[in-house]
Amino acid sequence: MSSLGVILSDNQPELLTSPYLLIFPSVVIALIMISFNLFGNGLRDAINPSLKGED
C-alpha cells in the first residue's frame, strides 16, 4: 500500500505530460488537513467554551 507522498513522488516525472496525476493526492491531502483543523477547533471549543469563536 502506497502513501500519498509516495504517489506524488512517483508521478513527479509525468506531471508535465499528465497533470491530472497530481490532482487526486493533492485533494486528499487538502481534505485531511482541513478536517484536522476543524476537529481541533471543535475540540478547543468543547474543552474551553469561553474561547468559542476566537482565533
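All of these numbers come straight from a predicted model, not from anything done at the bench.
- Here Leu43 sits in one hydrophobic cluster together with Phe39, Ile47; the rule is ILVMFWY side chains under 4.5 Å apart, joined directly or through other members.
- Taking CG from Asn41 and CG from Asn37, the interatomic distance works out to 5.0 Å, rounded to the nearest 0.5 Å.
- The side-chain contact (heavy atoms from CB on, under 4.5 Å) test with Ile32 is passed by exactly one of Ile34, Ile29, Val28: Val28.
- Annotation: side chain to side chain contact (heavy atoms under 4.5 Å, CB included) contacts of Ser9 (sequence neighbours excluded): none.
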